[in-house]
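Written out below as structure tokens is the structure these notes cover.
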Amino acid sequence: MSSVSALAAALSVESLKLRRSLIARVAGLLLIVLVPTVSVGAVALARSPLAVGAASAKLAPYSTGDLVATHLLVCGQVLSIGSLFAAGFVLAWSFGREFESGSAGALFALTVPRATIALAKALVVLAWSGLCVLVTVALTLAASAAVAASAGASFAGAWSGAGIALASGLLGTGLALPFGWLATITRSQLGTVGCLVGVVALTQIVVLLGGGPWFPYAVPSLWTGMGGAASAAAIGLPHLLTAAAVTPVSLFLIVHSWRRLTNV
Amino acid sequence: MIGLHIDDVSHSFAGRVALDHLTVVIPPGQVTALIGLNGAGKTTAMRTLAGRLHPTAGQVRVLGHDPARLPPRIASRFGHLVDAPLVYPELTVAENLGCAARLHGAVKRDAALMASATVEAMGLASWRHRPARSLSMGNRQRLGIGSATLHRPSALILDEPTSALDPKGVVLVRELIRNLSAEGAAVLVSSHHLDEVARIADEIVVLHDGREIGRLEPGGTDLEQRFFAMVLDADVRATDARGRRRS
């Protein structure tokens with residue numbers, strides 16, 4: 001069996017497992033439904049007289065500016081965290097469940113090597129999350145177009161905003177990949193989810209201390225303007241490339257760890 | 001070529017000896033049974049053979065190769081079921097078997113045919129499209145054994161293959177093992193069911209405290225008695241040895 005056919009077999013098995021996964025269905029649905037709803041809803045609320053007090057202050061950045069561009073700005077901001085959580089949870093499940101159920105042991109000494117199976121797991125979740133991000137941005141665009149048409153607003157700012165939202169969601173997806181490796185190391189789904197929550201909390205602290213641009217987990221949020229226009233302007237190509245580099249490094253770590261796996 | 005070979009293997013977990021210079025050689029066409037009390041080292045020995053555990057000393061070989069780094073052409077002739085099976089609760093019986101066939105190297109069309117044949121062979125036709133999570137313990141065990149053997153391996157290890165099976169399932173698995181052996185497979189099984197072991201094994205290795213304490217002839221009606229006599233004798237000798245060291 002060639003390496004390509006082994007990877008094809010592993011991709012086929014892992015994609016079937018993902019299609020049958022309850023957690024992937026729930027996470028995907030939440031992303032696809034909630035993000036467009038929040039994107040359009042938050043802007044509508046910011047521009048309505050109903051936004052008062054703390055809500056008004058929080059939503060102030062969305063109360064002015066191009067309507068469609070603002071919808072997609074919110075979409076990108078929510079996706080930067082949402083895709084990290086969705087892909088992180090699914091990766092924790094995909095890798096951690098093999099150890100908790102004991103099926104990791106059954107993946108040894110197969111014709112398809114376990115390192116190939118691990119690579120397929122990572123690729124399948126990346127593809128699934130990437131597709132969810134694409135659908136989410138498309139639905140946000142569609143909802144935004146409907147709102148803009150009824151309000152007589154321009155649709156000109158849509159495409160650049162959609163591009164940034166898409167890139168932000170894909171960066172979040174890639175940043176989730178280390179949690180597949182962590183699930184391999186900890187052999188625990190819940191432990192991995194705990195690490196995911198911890199990293200998000202740590203990100204807040206790093207941003208407060210001013211180290212955000214060089215902390216990969218802060219980059220997508222800062223880039224989409226969650227820290228304000230000045231923080232967004234501070235994010236350049238080197239910072240984005242640093243965040244993107246987490247994906248191939250994690251892929252290497254996952255494959256390496258599964259190749260050297262023992263005492264299972 | 002030796003089918004399965006445990007060669008002077010020792011292993012410890014945090015200072016506790018789990019295997020102590022164990023040697024077992026299983027040529028093609030032979031069924032060897034490992035028997036012993038809980039904690040005797042049966043599963044540890046099988047885990048080393050499946051490549052899941054690097055022994056502290058000694059070496060293991062599956063069809064002449066290190067099981068931790070089996071070339072795909074050798075892995076395609078090896079099957080194992082130790083502890084948890086290659087079964088996912090969210091997949092149906094047919095899907096589980098199809099996945100197992102793909103991971104054992106079958107192309108998509110062959111995998112479907114192998115899955116279908118194994119569903120029938122393992123008596124799981126009524127549950128073909130049911131998710132594995134809805135199966136009884138016995139049927140889940142049948143599915144796990146089907147997943148480990150649907151590619152007709154030349155070397156096979158099965159840990160407690162009949163522990164949850166009904167009498168019909170026990171007969172089915174016994175026939176499967178004997179058929180694979182007749183096709184030339186080297187088979188290692190572990191079991192607590194001594195009567196069952198006597199029916200399927202050509203050779204019985206008795207493990208106690210990680211050591212081989214003897215071998216039993218499969219024939220005869222007093223297998224249980226001979227097993228306990230051997231274990232008791234090993235305990236007495238171990239106690240005497242400890243006493244001599246203290247004095």
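Quick caveat, the model's predicted, so the values are computed rather than measured. Computed over heavy atoms, backbone and side chain alike; hydrogens, waters and symmetry mates excluded. Throughout, a chain's letter reflects where its sequence line sits, starting with A, and its residues are numbered from 1.
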Heavy-atom contact with chain B under 4.5 Å, split by part of I117(A): side chain

Short donor-acceptor separations (under 3.5 Å), chain A to chain B:
from    : atom 1 : to      : atom 2 : distance (Å)
S12(A)  : OG     : R102(B) : NH1    : 3.4
K17(A)  : NZ     : Y88(B)  : OH     : 3.3
R20(A)  : NE     : E95(B)  : OE1    : 3.3
R20(A)  : NE     : E95(B)  : OE2    : 3.4
R20(A)  : NH2    : E95(B)  : OE2    : 2.3
R97(A)  : NH1    : E90(B)  : OE2    : 3.0
R97(A)  : NH2    : E90(B)  : OE1    : 2.7
R97(A)  : NH2    : E90(B)  : OE2    : 2.9
E98(A)  : OE1    : Y88(B)  : OH     : 2.8
E98(A)  : OE2    : Y88(B)  : OH     : 3.2
F108(A) : O      : H80(B)  : NE2    : 2.7
T111(A) : N      : L103(B) : O      : 3.2
T111(A) : OG1    : S76(B)  : N      : 3.3
T111(A) : OG1    : H104(B) : O      : 2.8
V112(A) : N      : L103(B) : O      : 3.1
T262(A) : OG1    : H54(B)  : N      : 3.4
N263(A) : N      : R52(B)  : O      : 2.7
N263(A) : OD1    : R47(B)  : NH2    : 2.9
V264(A) : N      : R52(B)  : O      : 3.1
V264(A) : O      : R47(B)  : NE     : 3.1
V264(A) : O      : R47(B)  : NH2    : 3.2
V264(A) : O      : R52(B)  : NE     : 2.7
V264(A) : O      : R52(B)  : NH2    : 2.9

Option that, when pairs with chain B are counted at under 4.5 Å, heavy atom only, ranks first among A6(A), A8(A), G105(A): G105(A)

Portion of A68(B) that has a non-hydrogen atom of chain A nearer than 4.5 angstrom: backbone

Considering all heavy atoms, the nearest A75(B)-A109(A) contact: CB-O, 3.8 Å

Side chains of residues 126-135 of chain A: which donor-acceptor pairs under 3.5 Å do they make with residues two or more places apart or in other chains?
from    : atom 1 : to      : atom 2 : distance (Å)
S129(A) : OG     : T173(A) : OG1    : 2.7

Minimal non-hydrogen separation, A106(A) against A84(B), with atom names: CB-O, 4.0 Å

For A143(A), all residues meeting side-chain contact (heavy atoms from CB on, under 4.5 Å), sequence neighbours excluded: V40(A)

Closest approach of F108(A) to A50(B) (non-hydrogen atoms, all atoms of both residues): CB-O, 3.6 Å

Pairs satisfying salt bridge (Lys or Arg N to Asp or Glu O under 4.0 Å), at least one member in residues 29-41 of chain A, at least two apart: none

Residue L190(A) excluded, over 12 heavy atoms near CG under 6.0 Å: no

Winner by heavy-atom pair count (cut-off under 4.5 Å) against chain A, out of L70(B), V82(B), L91(B): L91(B)

